[in-house]
Protein chains: 2
Amino acid sequence: MGDELVLVDFWSSPFTARVKIALREKGLEFESAEVDLVSSVKSPLLLEMNPVHKQVPVLIHNGKPVCESTIIVQYIDEVWRDKAPLLPSDPYERAHARFWADYIDRKIYSTARLVWMGTSEVQETAKKDIIESFKVLESELGEKPFFGGNIFGFVDVSLIPISSRFYTLEKGGNFSLADECPKLVSWAKRCMERESVSKSLPDQYKIYDFAMDLKKKRGSQQQ
Amino acid sequence: MGDELVLVDFWSSPFTARVKIALREKGLEFESAEVDLVSSVKSPLLLEMNPVHKQVPVLIHNGKPVCESTIIVQYIDEVWRDKAPLLPSDPYERAHARFWADYIDRKIYSTARLVWMGTSEVQETAKKDIIESFKVLESELGEKPFFGGNIFGFVDVSLIPISSRFYTLEKGGNFSLADECPKLVSWAKRCMERESVSKSLPDQYKIYDFAMDLKKKRGSQQQ
């Protein structure tokens with residue numbers, strides 16, 4: 001019997017994108033169950049499959065849910081270990097990869113959101129912070145093609161979904177990422193050459209429109 | 001050649017306590033390198049070994065640093081797999097354990113601090129939140145002796161250091177944990193019967209005095 005894989009999904013989520021990339025790296029077929037996260041009514045599927053956090057992504061594997069993107073990616077890597085390993089096999093290198101994935105989780109996505117959603121003072125601080133964090137990541141990348149070395153791996157999967165927000169970040173923060181973090185931009189282009197990545201990331205202009213719509217709605221609610 | 005293990009440590013940190021428990025579960029000898037986290041001057045050892053976050057714990061294994069408590073505990077479990085496994089061997093159960101350790105990281109320690117350090121309104125909300133999170137954890141524990149079932153494991157290691165804050169929590173929030181969360185209190189007692197735990201956790205009254213001193217200092221700095 002084959003594996004049944006359903007991804008509880010939302011098109012713009014960078015966290016569901018991570019899971020899609022991992023599944024595609026492994027050559028696994030999956031069904032996407034898109035839920036509406038903008039609506040105030042939570043999807044019954046989401047409430048059933050992730051009652052604690054009520055958030056996407058959830059990967060339902062043969063009926064059993066796995067939640068939280070980095071945990072799902074590790075799960076996929078452990079179950080389908082023989083193809084395209086994402087985490088290194090050496091425990092020390094594995095701890096190193098987990099450290100950087102955790103850094104990305106803490107420093108990148110929530111800060112990025114403030115660059116385009118925050119008020120001007122918050123925005124300025126967030127822009128400074130995210131550029132600083134990108135530079136830390138560039139220094140970790142060094143001259144390697146990918147964070148794990150020559151192989152696209154766990155840290156790359158964690159970070160690459162931010163690239164579909166590069167345009168929104170630049171517009172929101174009024175700066176050029178290519179000027180500030182050229183190595184990061186080159187790395188993102190290199191990742192985008194992989195079908196697993198290009199097929200999984202949403203269009204950057206669609207993300208920009210979506211972010212601006214959301215900002216307008218939030219603004220009018222606050223008035 | 002034996003393994004050289006040095007733990008960059010601070011006596012009251014619940015996160016270094018996790019690492020000590022994991023090392024003791026595995027029967028490993030280690031040296032503790034206590035740093036002063038109260039001082040405004042960061043320890044050179046900490047800056048060298050964890051330049052990104054500059055936080056304890058760091059486990060230095062044969063000269064190489066591993067940072068972040070849950071990552072260190074996984075590292076210990078992967079390197080010394082044959083004795084007292086902390087994470088289950090099944091990938092689905094492993095993902096489940098990681099989910100709850102992540103829940104604890106997000107919901108427990110930072111909220112607990114607000115119960116005794118926050119202003120009265122913040123304090124009230126934090127108290128409500130932490131009791132709610134404890135109840136979620138109690139429901140996950142169910143009738144099992146430990147979170148992983150009959151075996152003391154990864155989720156137990158993640159959560160048990162909070163028990164040395166129970167007294168401070170109760171005094172700060174003016175409530176009885178035994179009344180609100182009796183199952184959690186029984187679970188903590190069960191964990192404390194293990195030498196790995198009782199040897200690794202600081203005295204609860206010493207923690208209370210330390211927290212109150214810190215609160216006083218912060219208060220006088222804010223005036």
Side-chain angles (χ1 to χ4, degrees), chain A residues 3 15 19 22 26 49-55 57-81 86-107 110 132-133 135-140 154-155, chain B residues 3 5 15 19 22 26 49-55 57-81 87-107 110 132-133 135-140 154-155:
Chain A
D3 287 293
F15 308 111
V19 179
K26 301 284 182 181
M49 291 298 169
N50 189 359
V52 175
H53 297 307
K54 307 172 186 71
Q55 283 169 345
V58 183
L59 181 68
I60 311 172
H61 181 201
N62 297 332
K64 287 159 80 183
V66 186
C67 304
E68 293 302 306
S69 64
T70 56
I71 295 173
I72 300 171
V73 171
Q74 288 182 80
Y75 174 76
I76 292 169
D77 199 40
E78 290 176 1
V79 174
W80 293 278
R81 188 73 200 149
L86 296 171
L87 275 153
S89 56
D90 173 71
Y92 187 79
E93 287 176 32
R94 202 150 56 227
H96 189 81
R98 284 188 181 123
F99 175 87
W100 286 107
D102 176 70
Y103 179 87
I104 292 162
D105 270 350
R106 292 204 225 173
K107 302 275 189 177
S110 49
E132 198 181 304
S133 299
K135 286 186 191 293
V136 170
L137 287 164
E138 276 193 327
S139 126
E140 166 60 18
F154 187 56
V155 182
Chain B
D3 287 293
L5 290 162
F15 308 111
V19 178
K26 301 284 181 180
M49 290 299 168
N50 190 359
V52 175
H53 297 308
K54 306 170 187 74
Q55 284 170 344
V58 182
L59 181 68
I60 311 171
H61 180 200
N62 296 333
K64 288 159 79 183
V66 185
C67 304
E68 293 302 305
S69 65
T70 56
I71 295 173
I72 301 172
V73 172
Q74 288 181 78
Y75 174 76
I76 292 169
D77 199 39
E78 290 176 1
V79 174
W80 294 277
R81 189 73 201 150
L87 274 153
S89 57
D90 173 71
Y92 187 79
E93 286 175 35
R94 202 148 57 225
H96 189 81
R98 285 189 180 123
F99 175 87
W100 287 107
D102 175 71
Y103 180 88
I104 292 161
D105 271 349
R106 291 203 225 176
K107 302 274 190 181
S110 48
E132 198 182 302
S133 298
K135 285 187 191 295
V136 170
L137 286 164
E138 277 193 326
S139 126
E140 166 59 19
F154 188 56
V155 183

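Sequence lines set the chain letters: A, B, ... in the order given, protein chains first and strands last, and positions in each chain run from 1.
- Neither the backbone nor the side chain of Asp77(A) comes within less than 4.5 Å of any heavy atom in chain B.
- Atoms CD and CD, on Gln74(A) and Gln74(B) in that order, are 6.0 Å from each other to the nearest 0.5 Å.
- Between Ala95(A) and Val66(B), the shortest heavy-atom contact is CB-CG1, 3.8 Å.
- In this structure, CD in Glu68(B) is found 12.0 Å from OH in Tyr103(A), a value given to the nearest 0.5 Å.
- Only the side chain of Asn50(A) has a heavy atom closer than 4.5 Å to any heavy atom of chain B.
- The aromatic rings of Tyr92(B) and Tyr75(A) stand perpendicular to each other, their planes meeting at an angle above 60°, with 30° marking the opposite boundary.
- Summarising the local packing, NZ of Lys107(B) is surrounded by 12 or fewer heavy atoms from other residues, nucleotides or ligands at distances under 6.0 Å.
- Counting heavy-atom pairs closer than 4.5 Å to chain B, the top-ranked of the candidates Val52(A), Asp102(A), Asp90(A) is Val52(A).
- Contacts between Arg94(B) and chain A at a heavy-atom distance below 4.5 Å involve the side chain alone, from C-beta outward.
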